[in-house]
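Everything below concerns the one structure shown next.
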Amino acid sequence: MTQIFAPAADTWLRLFLAGGLALLGGGLVGVIGFAHSAYMTSTDFRPQQPVPFSHKHHAGELGIDCRYCHSGVETGPQAGLPPTTTCMTCHSQIWTNAAMLEPVRQSLTQQKPIAWTRVAKLPDYVFFRHDIHVVKGVGCETCHGRIDTMPLTYRAKAFTMEFCIDCHRDPMPNLRPEESITAMGWRTPSDTQKQREAIAAHEGIRFGELTHCYVCHR
Amino acid sequence: MAAEAYGLLAEFGSPEALLKAAREARGAGYRRLDAFTPFPVEGLSLALRLARPGVSWIGLIGGFAGAAVALLMQVYVNYDYPLDVGGRPVYAISAFAVVTFELTILFSALSMIAAMLWQNGLPRLNHPVFAGRRFHLASKDRYFLCVQSDDQAFDPQQTAAFLRRSGALSVELIPP
Amino acid sequence: MTDRSADVLPVNQSLGGVTEQLAGIPLHFPARRRWLATMVFACALLLLLMVSIAALFTRGVGIWGINIPVNWAFAIHNYVWWLGIGHAGTLISAFLLLTGSEWRNSLNRFAETMTLFAVICAGIYPVLHLGRPWYLYWMFPYPATMGVWPQFRSPLEWDIWAVLTYLTVSLAFWYTGLIPDLAAARDRARSRGWQIFFGITALGWRGSAAHWSRWSQAYRLTAGLAVPLVVSVHSEVSLLFAAGQIPGWHSTIFPPYFVLGAAFSGFAVVSIIAIALRFWFGLENLVTDEHLDLLGKVLLATGLMTAYGYVFEVFDALYSGGPHEIQTLIDRIAGAYAWTYWGALVFNFIPLQALWWRRVRRCGSALLLISASVVVGMWLERYMILVTSLYRDFLVSSWGEFTPTFWDWSTYFGTIGLFLVPFLLAIRFIPMISIFETKELLHEEQEERHGG
Amino acid sequence: MTRRVPPDSNSSQGPGLRQWSGIEELSGDPAFQAWVDAEYPAAAEFTPTARREFLKLMGASFALAGLTGCEKSPFVAALPYVDQPQDVSIGVPKNYATAVVLDGYAQPVIATTYSGRPTKLEGNPDHPVTQGRSDIFMQAAVLGLYDPDRAQGPTRRGEPVSWNDVADHIGALRAEWGRTQGEGLRLLTGPVTSPTLSRQLDALLKQFPKARIHTHEPVADGGRRNLTAAAYGQPLDVDYQLESCAVVVSFDDDLLGPGPDQVRRARSWSSARRRDGNGPGLRLHMAESVPSITGAMAGDRLVTEASRMPSLAQALASKAGVTGAAMPDLTPVEREWIDRAAAACRSAQGRALIVANAFGDVATASWVARTNEALAASSLLRFTTPLQSVANAGALADLVAEVTAGQVETLVVVDTNPVYSASGSLNFREGMQKIRSSLHLGLQRDETGELCEWQLPLTHALESWGDARAIDGTATIIQPVISPFYDVRTVHQVVAMMSGQLDPAAEAIVRETWRSRLPGDFETAWRQSLRDGFVRDTAAEAVLVRPDPAEIVPPFADDGLDIVFRPDPTVWDGQFANIGWLQELPKPLTTLTWGNVIAVSPALAKRIDVANGDHVKVTIRERSTVGPAWIAPGQADNTVALYLGYGRMRAGRVGDGIGYDAYAIRPVDQPWLTKGTLHKVGTAEVLAVTQLHHRMDGFDFVREVSVEHPALQPPPAQPSLYPARASSKNAWGMVIDLDSCIGCNACVVACTAENNVPVVGKDQVKIGREMHWLRIARYFTGEIEAPRSFFQPVPCMHCEDAPCEMGCPVDATTHSPEGVNQMVYNRCIGTRTCSSYCPYKVRRFNFYDYRNAPDSPEQAAHNPDVTLRSRGVMEKCTYCTQRIEAAHVAADKENRPLREGDVVTACQSACPTRAIVFGDINDPDSEVSRLRRDGRHYALLEEQGTRPRTTYLARWNDKRGDRQG
């Protein structure tokens, strides 16, 4: 009987086995990592908008309050996008014929809405309400990030269930006083914990009752 | 010396002949011995003074590992997001028993078989003995005794003669 | 009796001859025609399965006859049936190995192979029966962006782990036992292709003394683990039902009842295969009438134990005296699906009684027919346990009825194809009877002859 | 065209946050068209107008949560308003008071709208008649609005035309009528209570004095007016004062059954029934030929032929000492029943009321009238002059006669469907050929619309300006809650065109009517009425009448079977045939869906050897029809019941070609009870019933208590292996009073509407896949000839130790700290274990994708607060969790705890008898806690140890009570 395989064959076979195992493990880790990646949570994406609206300019530099445009935020589930007329309250006075604002004027004259691209969108089976969060002392910044530094708006936080549930388990770290709800870059004063507890108590937050399914899914 | 051969391969017609030869070889002071048989032959490892295999211990460890992994996993997921499931306890050990048992067995069995292959140095596709002309009979109905060349007492001529004396049907020098 | 059991195999055959004969089956395959014909048939069934699955995934489980209340039917029912069949393989090779009944050496290889593919057939059902199968991976614990985990109190969750463990361990056990024979085939092979195929699969096994000693230990210990595993797996499957409160399910007898039933149906299938193979490949010298005799005895024993399960179930219902339990009992005996109950009784236990006679046991064709009837009977039993319990549970107002649709049947028959195709491939490419164990047994017998 | 009421003026509403106001104008904003184009491409398939209006409708909201099935790329277009209206906050529902119409009667509703889409109707709690309760027709009306088969624009012989063409044609006709003074002009209306329409028709007749008006009411309120005319000498409407009754004896009168008066009667009946806590407050004795839900609730029920009623009524009359009432000969069973009834009446001392079938015969009615007189029960009856009155209108038969005589040039059919619902013997269809010019005004191009030259589509009540009177006469000014999204007009607009106005404004016509009728400053009163949802103090005046002493002629009797006609319990006279919710609604007592049956008694069935579903042929005066037989337990031996409303050919894609047409063989002179024959045909069909087995088989699903044993055995305390869990502040629970539940199904439809429960169709129901979250179980006990019947609504029990939750491998169903058994659709992978383990089988599974096509108009009817369930997902009753969470948010925003009544489930608010009570069981003072302490309280299958949160109150057994006292 003669050798069927050359000595090298062993090396190859073992390499093959080791490689296979490595690939398997690596693949698993890779897939899970990909699911958490910025790509999948679309936090890396700055969609083009019909009008290159800059929150940095309006909210940051001019310091317009969020609620001026997103008027529904305290009254309903949806913060709402501003109607064209809201834009025109100022832009009928200033930058009246800036080319950049042509779509806005078009919208008003032709009664056609501006087709914005939604940046913050949750799946249909998630029933999120802005009003209750705002009323209970969760600031805009908590979910939307430093909007006042965004020339083009993007999704600052990954809107995964983990993200929501973390806060629903313990809202404390994200609570702020009423007057600072829309404030950006709001720093908590020295006696943070006490103050947060005070807010929590004052708002009567139902700790431990915010993590069951029907709070968000119906 | 040892460089030019792997060893001498002696062929025997029955397990009994092989056993006899193996004992004689030990008696003659050969230590680097190995035998090849078509099925496990009782007393052979004794005759060759092989160490008791330690596969069972690895199996035991694997079993404990499996149980631990299973229990920790199940306890952790319920600790991470405790949900009220039909009023059952959050850490329902009785319910966790099944998966724990399954993983115990899985880990134990796999670890033993892996250990067996590892200790046997398998897979090994190319091995000197395969070069033996009549070695293919080792998986049929012949029984081989191999004296390796790295044995102190190994000497191609004398060892071959010794093996023939102890009843080998054929003796062959295996190249390295 | 003892000396008969001493030589199950006729001793007037040489080890070399056995080796050539068995290793020869894959290398110089006899009965190509028959094999091809069967293969075509099997592939047709497999195709049917593919079509059924395509329809299922595109249109949804609605294509089956299931409804509320009978929302589990063929899928779960055939799942249990296949898994049950699978168990015999492990029991034969592992359990009998431990008890040192070496006559099993001629049967264990194809019994294990049968197990492997039966478990695969069973394994696809839990996937198929899901409403949204593409979310199957939610049943495994992985760090999800949802922060939600599987629910380990659920029998279905246990099920996944049990079946996967069972599949992996059976595979490992089967392969470990196969290595030395692959080596034998490698050494017999002449053509380069066969040499490489068997060369790699044999992992370079040399049959050295050290190999054998480690191998034996690992093999025996794995066998030792496989036996409780089988028991646990099918007990767990029974909990799938027993954990629910439905009358006819919620019973402590279920685990042993299921395990015995499983062994019963499994041994029946083993007998069928044994008889078929020895007829195909002229293996009468290795799978002897002695084997059939022993198989017949085992079949009879497990059958009687299953019958005890039936009796006890009736007693259970009457003893509990729960009106709903009794209602279900009556439904079984006289309800819309009484035919399954009586069918199960008749097919399982009436022909079985013939096995009391040695002549019947030793007659291949007779044993074949009885085994076939047992397989049918056990299929009916599972139908009975599932549908009869669900179609009428507690509230009269929720009672319904179940009629299988074309797709129910096509999926079921399709899985038979899924079983046959790989099995046929296996007997084509792998020694279907353990060569070295046969030789071991043969050698011992010859020794005894010389000794006595 | 519609007006908005400034929010401030709501403050005048006093307590309660009822701010119904005029609808927001949403049309004309192209903003949404683009958006909907993106979301609903196939909307393009509508006619241009329809599409434009539909876009308007859909686009109104970009908060259609859940409407798009699966997740898309997160970056979808978002379209804000160009000019956002003042009081619109997206996603916040608004409520408007208005009314829908059943057989001309107003059904006052509060319409919930999301960004202009009405999605749910609740009863108007302020309304004197319904007091916030509702029935199946009111609940289902909203789906009629989105019926995809509505006529979307005017047509002439099927060809689309414009309203200008219509105006031209009517102009031409008017010229002709002018010459002939309306000679040859005939109008055919359905039942009408609308003051505006009456006013308009009167005006029209003044213009064209020779024109005539006829009315056609296939069901309406039966022969009630003829009966009163015979019994009291003048046609009357009657209202039973059940609250003050101790005993009611009904001669085949299904007073609790479906129809315009069901809500009022069910309400007063149940309050009377509950009057005293320790026993049944009102006892019902009923003699009936066809099993009805009233019979099911009756404590003492006699099964006998409809043709026996006169004799029975006479017998009771003679017992009550009515002059001229000789004792007729009765069977022993009948006599015993009469004795018991008479005894009960006597002991009731003036608080006993005898009622006769509205579909019954004159003799019975007359005897009953006199018996009431004799029992001094007049105070229990309130008579009013008929509401449904068009000045000297003729009957349909007269019209047909004129048509055949060729005296009719022009026929205007106003919102009725004679071609389908006229008696077959009239041959109305053939008659139509003789008419030169015919116009049909109606929502659909139905059988009549198709045959008429012109079909002029009308608005749905929810998009109309109009008015109508409720059953008691209280008028409601109907205001649109949404602007019409098809090219349609209100009936008033069309009639106004006929009387010469060119393009009348819908609102103006109605204002015109009320300008003279509203007291005080018109604008204020007008707004007030709109906000209230009804015009105060407009109930009809009671009239005092005495029975007419004329000789009572017993109705002719010949041998042969009694053939009884009844309106269908769910599609009524056929007008609801295209409403999927009602087609799939299990009919009381049979649980039949998607069709009608020919109900026969068990004895008769045995005699001609038929089983359920076997086809039988009913022949009446050489006209015959074939339908599936149904063996009705408790039906009189020689009575056969036919159900109207099926066998339609032009109802639409839902209602076409289902069931048999009973109108075809319905005699004109005996529309409700006649004689005929029955034969077995030999063919058969499978009926789509949702409950296969109706016997309680000795189980105690429905328990009973009696006056001598008013309390049930409290269950033994069951030890639990499970750890005690801490509940949160609120713990929700529901108690259902089986003594009040009349099985009317209002709760089921309400649940369907509130929770987007899909309609699965006949074939799926046949194989047991109906999706109702709440089923009403029907049980019989006793012998099949005269069984006792029980209703038991079965929603999810929300078990505290729920078996289903334990079965789920992925945590898709878990328990909330408030004790709600949660079902998370988006986590469900469809193992169906939960349903297998559920002892109550209340879970429902999406075997297929049952959702409407993403662009079908029905989509707009969906509640945006509830996810649409996709294929392969389990679903079930959630205790209307969207309402619970909304209440939590509202309360949390005000930083206050939840109060009793903050959360009202859909089924609870719909129930006409208030049998369903939902609330916080942690609050000892809540209604639900009070009921849980009641002696009649028990849990279904409590021996299973599931500890349900949904529990029941046992039913009172009147009979046993009688024997004792």
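We name chains A, B, ... by the order of the sequence lines, and we start the count at 1 in each one.
In terms of heavy-atom pairs under 4.5 angstrom with chain B, the leader among E440(C), R206(C), R220(C), E236(C) is R206(C). When the candidates L33(B), V99(B), L103(B), D141(B) are compared by the number of heavy-atom contacts under 4.5 Å with chain C, V99(B) comes out ahead. Taking E42(B), R142(B), K140(B) one by one and counting their heavy-atom pairs under 4.5 Å with chain C, the maximum is reached by K140(B). When each of A115(B), A35(B), P15(B) is scored by its heavy-atom pairs under 4.5 Å with chain C, the top score falls to A35(B).
The two residues F436(C) and P38(B) come nearest to each other via the heavy atoms CB-O, 3.4 Å. A172(C) and I113(B) get closest at one heavy-atom pair: CB-CD1, 3.6 Å. Among all heavy-atom pairs drawn from G204(C) and L122(B), the shortest one is O-CD2, 3.6 Å. In terms of heavy-atom proximity, A95(B) sits nearest to W158(C) at O-NE1, 3.1 Å. For the pair Y81(B) and G147(C), the tightest heavy-atom approach, listed with the atom from each and the gap, is CD1-O, 3.4 Å. In this structure, T19(C) and S139(B) approach most closely via the heavy-atom pair CG2-O, 3.8 Å.
Residues of residues 43-68 of chain B that come within less than 4.5 angstrom of chain C, heavy atom to heavy atom, are L44(B), L48(B), L50(B), R52(B), P53(B), G54(B), V55(B), S56(B) in numerical order.
Heavy atoms of Y76(B) lying under 4.5 Å from chain C belong exclusively to its side chain. Only the side chain of R188(C) comes within less than 4.5 Å of a heavy atom in chain B; its backbone stays farther off. With a threshold of 4.5 angstrom between heavy atoms, F107(B) does not approach chain C through any atom at all.
Contact annotation: the side chain of R124(B) never approaches that of L203(C) to less than 4.5 Å [non-hydrogen atoms, C-beta and beyond]. You'll find the side chain of M73(B) stays beyond 4.5 Å of the side chain of W149(C), heavy atoms only. Looking only at side-chain heavy atoms (C-beta outward), E102(B) and V169(C) stay at 4.5 Å or farther from each other. Here the side chains of M116(B) and H211(C) are not in contact, with every heavy-atom distance at 4.5 Å or above. Side-chain atoms of F152(C) and V77(B), non-hydrogen and from C-beta on, do get closer than 4.5 Å to each other.
With no hydrogens or angles considered, no side-chain donor-acceptor pair links N120(B) and W215(C) at under 3.5 Å.
Contacts classified as ring-ring contact (aromatic ring centres under 6.0 Å, His included) and involving residues 82-103 of chain B (residues at least two apart or in different chains) are not found.
To the nearest 0.5 angstrom, I196(C) atom CD1 is 10.5 Å from L125(B) atom CG. Between L110(B) atom CG and F173(C) atom CZ the span is 13.5 Å, to the nearest 0.5 Å.
Ring geometry, H443(C) versus F39(B): the interplanar angle falls from 30° to 60°, so the pair is classed tilted.
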